[in-house]
Structures are given as structure tokens and as C-alpha cells.
Trainee: 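A single structure is presented below for examination.
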Amino acid sequence: MVTFVISYFMLLNLNPLEAQLSVGFYADKCPTAESVVRAVIRNKVTTDPLNAAVLLRLQFHDCFVLGCDGSILLRHNAGESAAPGNAGVGGFSAIEDAKAAVEEICPGVVSCADIVALAARDAVSLTNGPFFEVPTGRRDGRVSRAEDAANLPDSEDSIEILKSKFGEKGLTEKDLVLLSAGAHTIGQAACFFVNQMLDSAPPISPEFFGNLRSRCPEGGDVNVKLPLDWDGELLFDTHIFTNIKSGRAVISSDAVLYQDPATKKLIDAYATNSSAFAADFAGAMVKLGRLNVKLGGEGEVRRFCNIPN
Ligand code: HEM
């Protein structure tokens, strides 16, 4: 049996001992990798606290297209980053800087895909969110095509479509609430997205509608940014759930989560239970970070995050 298992992995060009994500994957190969990444990310977030949200969002946009393989970082005109669904996604230079710092100490060892996941974790904890262990060992993909990003969840999707897009990835309604509404506890949305909601008879309070409209006037600059969590875009807390409950969601995909009985119940529960939110959010992030990962002999460890080797 043991011989069979070993031959099977050899056939797939995988090392059976490495062909899975594990916490502390770099402990013997590059012991300081996680702390080096963290120092770079801390610096980025100290320089501009809004960078935390940018890096958290980057992991979602990496993992939902071809899995968590750093494919969004491969930057060329027809790559994922050029897809309309990835408009406004950033954090590339922070990841490239963290990669450069790690390459200095352990060249060719730490994947860009892992750095994206570690950076998102660090970003969350630097905004007062939970610190959690991130299983590592992802390999980097070599392919990045804009068309693969066509089916990303969209802020105008109905609750049914959002549930189904998450379901296709093995993510539950609970993951949807935690990862979309939950992650929107930090960061901003451009008037472009706010306007889309205001133009569609949204389920938000009339008073808040007027407030948003005054900040995002018709014909105004669609690049102006508003906090996704009205009570604070820099701190990881449960206000986003209270806001969604009271009709103060800023984008439609957050508002519609309060229209479905199952997701509504979850929002009600997290609004008054910050420790459950923190713990469950950490679990959902680890789950997100496992989507279609490349392992063992698959893919590569890029030397530079923006180009394949
Ligand atoms: C239902 C799925 C989701 C939809 C439709 C959605 C939509 C959006 C939109 C429209 C924005 C504003 C972007 C901009 O103005 O540039 C945004 C921002 C953001 N999203 Fe999501 N999102 C979803 C899920 C997620 C997930 C799973 C995460 C992370 C785990 C996430 C994290 C963020 C963060 C942190 C921001 C703020 C980014 C910044 O400040 O630059 N989102 N999202």
C-alpha cells in the first residue's frame, strides 16, 4: 500500500510529504519567511492604513480565479488584472516588495501565492482583526487570462447568484456572509459601485439613500471613494453587520444579504457577537485560501511575482 501511494505521487510528480498545505510549511526551508512578509506588510499599512483592505481584497480576487495561485499578479495586457471584474484591485507592489525581501534571505523558496495569503492575514490582524495561522505550501500558476475572471461575483448580482457563485467554490452561505460582508468591515467602494446600487431601487433606508446620493451625485466623479462600513473603514469590527441591518449598506451585494432568510439570520447573529465573527472569519479565510491550490510539483515558485519564470 505504502509503495502504491508513493508511486502514485511520483507519477503526478508530487512529493507525498509536501503535497498539502500545512501551517509552518517554511519552518525548515525559510524560517523567517512569515516574519519578513509581516514586516513589509506592517510598513505598508503604517504608511497608508487603507492598504490593509486592498491586500485583503487581493486574496479574494486571486483565489476565485484559477485558485489561490498568484495568477492575478502576472501583469500583462490580457491578464486577469485587466479584467473588468478586477478593476480597482491593488496591492501588487506590496506583494512584490514582500517577495523581494523574502528572496533576499531564501531565493526561490516562498511562492507569491503564499505571500498573498500571508499578507491578507497580516492585513486583517493589523486592523484589529483576528490573527490566525495560514497553511502554506501553495505553488504559483503560470497562466493569467482576463477571460478567466469573467465570472467573479459582481456587486450587482442577486443573492441567488452570489450564493451560487460561492457554492460552486464549495463555499457556504455562512462563508458568503463572513467573506463578503465581513471583509467589507474595512475598505472603500468607488461611487461607480455605489451609483449602480442607487440606480436599482436598493433595499436601503431612504435617509441613507439621500446621504449616499449627496456623496455620489449623478454625473459626478465615479472614482470618489466611500467607506464600505459606514462607521469606519480602518477597523475590523462588527459595525458592517449593524449597518447592513439598518439599511446602510453601501454596495448592492452587501444590501441583498439582508433579503435572504439564511444570510439575514447570520448577519443578525454576527452583529452582536464580535468574538464569533472574528473566529468564524479566520476559519472562512483559511477555507478561501485553500481554493484549488497548486501543490507539490504543480506550477512553480516564481522569482518575480509579476512574471512567470
Ligand atoms: C459577493 C462577493 C463580493 C463582491 C460582489 C464584492 C464587491 C466589492 C466591491 C464592488 C468593492 C469596491 C471596489 C472598489 O471600489 O474599488 C469591494 C471592495 C472590497 N472587497 Fe469585496 N466583494 C466581494 C467579496 C469580497 C471578499 C470575499 C473579500 C475578501 C475576503 C472582499 C474584500 C474587499 C475589501 C477589503 C474591499 C475594500 C478594498 C479597498 O478599500 O480598496 N470582498 N468589494
Side-chain angles (χ1 to χ4, degrees), residues 44-45 48-65 68 72 81 83-92 94 116-117 119-124 126-127 129-130 132 134 149 151-169 171-198 202 215-216 221-229 232-236 240 244 249-257 260 263 267 277 280-291:
K44 299 285 174 187
V45 173
D48 181 355
L50 286 170
N51 282 334
V54 173
L55 288 164
L56 173 57
R57 186 178 185 216
L58 181 64
Q59 190 182 6
F60 162 51
H61 286 254
D62 182 30
C63 293
F64 255 65
V65 183
C68 310
I72 193 168
S81 62
N86 280 327
V89 172
F92 303 103
V116 169
R121 180 273 306 272
D122 292 338
V124 167
L126 289 165
T127 52
F132 50 94
V134 171
N151 209 24
L152 274 165
D154 189 277
S155 68
E156 290 189 291
D157 285 342
S158 67
I159 180 66
E160 288 75 26
I161 292 178
L162 292 175
K163 285 203 275 189
S164 129
K165 286 183 176 175
F166 271 62
E168 282 161 20
K169 306 279 180 200
L171 297 172
T172 62
E173 289 162 350
K174 188 171 164 182
D175 298 321
L176 170 65
V177 167
L178 287 162
L179 291 172
S180 63
H184 293 163
T185 179
I186 55 172
Q188 301 181 321
C191 281
F192 175 83
F193 298 104
V194 179
N195 285 341
Q196 282 182 336
M197 175 174 80
L198 297 180
R215 305 274 201 111
C216 296
D221 182 355
V222 294
N223 297 310
V224 168
K225 298 256 188 177
L226 304 185
L228 277 159
D229 179 357
E233 72 250 65
L234 300 180
L235 267 193
F236 187 100
I240 184 73
I244 293 174
V250 169
I251 58 173
S252 173
S253 56
D254 284 350
V256 297
L257 293 174
D260 172 86
T263 48
I267 288 172
F277 171 43
D280 292 354
F281 181 79
M285 283 297 288
V286 170
K287 203 167 163 188
L288 174 71
R290 289 186 181 280
L291 291 185

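Read the numbers this way: they start at 1 and go in the same order the structure lists the ligands and their atoms. Note that the structure is a prediction, hence the values are computed from the model and not measured. Here, residue 1 is the first one in the sequence, and each next residue gets the next number.
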Trainee: Taking N or O atoms only and a 3.5 Å limit, does A190 qualify as a polar contact for ligand 1?
Mentor: yes
Trainee: Shortest non-hydrogen contact from A181 to I240?
Mentor: O-CG1, 3.4 Å
Trainee: Are the aromatic ring centres of F236 and F277 under 6.0 angstrom apart?
Mentor: yes
Trainee: With a 4.0 Å cut-off on heavy atoms, does F166 reach ligand 1?
Mentor: yes
Trainee: Nearest to atom 41 (O) of ligand 1, what protein heavy atom do you find, and at what distance?
Mentor: V54 CG2, 3.5 Å
Trainee: Working note: E233 + K225, criterion side chain to side chain contact (heavy atoms under 4.5 Å, CB included); need CA distance, chi angles, decisive distance, verdict.
Mentor: CA-CA 11 Å; E233 72 250 65; K225 298 256 188 177; over 6 Å; no
Trainee: When you look at CZ of F92, are more than 12 heavy atoms from neighbouring residues, nucleotides or ligands closer to it than 6.0 Å?
Mentor: yes
Trainee: Could you check whether any side-chain heavy atom of D175 comes within less than 4.5 Å of a side-chain heavy atom of K169, counting everything from C-beta outward?
Mentor: no
Trainee: Specify the closest pair of heavy atoms between A149 and N86, including all atoms of both residues, with the distance to one decimal.
Mentor: CB-ND2, 3.8 Å
Trainee: Atom 9 (C) of ligand 1: which protein heavy atom is closest, and how many Å away?
Mentor: I251 CD1, 3.8 Å
Trainee: Are the side chains of T127 and T185 in touch, meaning some heavy atoms are under 4.5 Å apart?
Mentor: no
Trainee: Should one rank M197, K225, K165, K163 by closest heavy-atom distance to atom 16 (O) of ligand 1, which comes out on top?
Mentor: K225
Trainee: Taking both backbone and side-chain atoms of S155, is any N or O found less than 3.5 Å from an N or O belonging to ligand 1?
Mentor: no
Trainee: Does only the side chain of L50 get under 4.0 Å from ligand 1, or the backbone, or both, or neither? Count heavy atoms.
Mentor: neither
Trainee: Which heavy atom of the protein is the closest neighbour of atom 26 (C) of ligand 1, given with residue, atom name and distance?
Mentor: L179 O, 3.0 Å
Trainee: To which protein heavy atom is atom 2 (C) of ligand 1 closest, and what is the distance rounded to 0.1 Å?
Mentor: P153 CB, 3.6 Å
Trainee: Pick, from Q196, Q188, E233, the option with the minimum heavy-atom distance to atom 12 (C) of ligand 1.
Mentor: Q188
Trainee: Taking 4.0 Å as the limit for heavy-atom contacts, which would you say applies to F192 with ligand 1: side chain only, backbone only, both, or neither?
Mentor: neither
Trainee: Which bit of L228 is near ligand 1, meaning a heavy atom under 4.0 Å away: side chain, backbone, both or neither?
Mentor: side chain
Trainee: For atom 35 (C) of ligand 1, what is the closest protein heavy atom, and at what distance to 0.1 Å?
Mentor: A53 O, 3.2 Å
Trainee: Which heavy-atom pair separates S252 from S155 by the least distance, and what is that distance?
Mentor: CB-O, 3.2 Å
Trainee: Return the residue, atom name and 0.1 Å-rounded distance of the protein heavy atom closest to atom 14 (C) of ligand 1.
Mentor: F193 CE1, 3.4 Å
Trainee: Would you check if V65 and I72 make a side-chain contact, meaning some heavy-atom pair closer than 4.5 Å?
Mentor: no
Trainee: Minimum heavy-atom separation for K165 and F64, please, with both atom names.
Mentor: O-CE2, 4.1 Å
Trainee: Nearest protein heavy-atom contact for atom 23 (C) of ligand 1: which residue, which atom, what distance?
Mentor: F60 CE2, 3.4 Å
Trainee: I186 and A52: which non-hydrogen atoms are nearest, and at how many Å?
Mentor: CD1-C, 4.1 Å
Trainee: By number and element, which atoms of ligand 1 are closer than 4.0 Å to a non-hydrogen atom of A189?
Mentor: 12 (C), 15 (O)
Trainee: Numbering the atoms of ligand 1 from 1, which are under 4.0 Å from a heavy atom of S253?
Mentor: 4 (C), 5 (C)
Trainee: Using a 4.0 Å heavy-atom cut-off, say whether L162 meets ligand 1 through its side chain, its backbone, both or neither.
Mentor: side chain
Trainee: With side chains defined as the heavy atoms from C-beta onward, is the minimum distance between E168 and N151 less than 4.5 Å?
Mentor: yes
Trainee: Name the closest protein heavy atom to atom 32 (C) of ligand 1, giving the residue it belongs to and the distance to 0.1 Å.
Mentor: A183 CB, 3.6 Å
Trainee: Can you check which of H184, Q59, R57 brings a heavy atom nearest to atom 42 (N) of ligand 1?
Mentor: H184
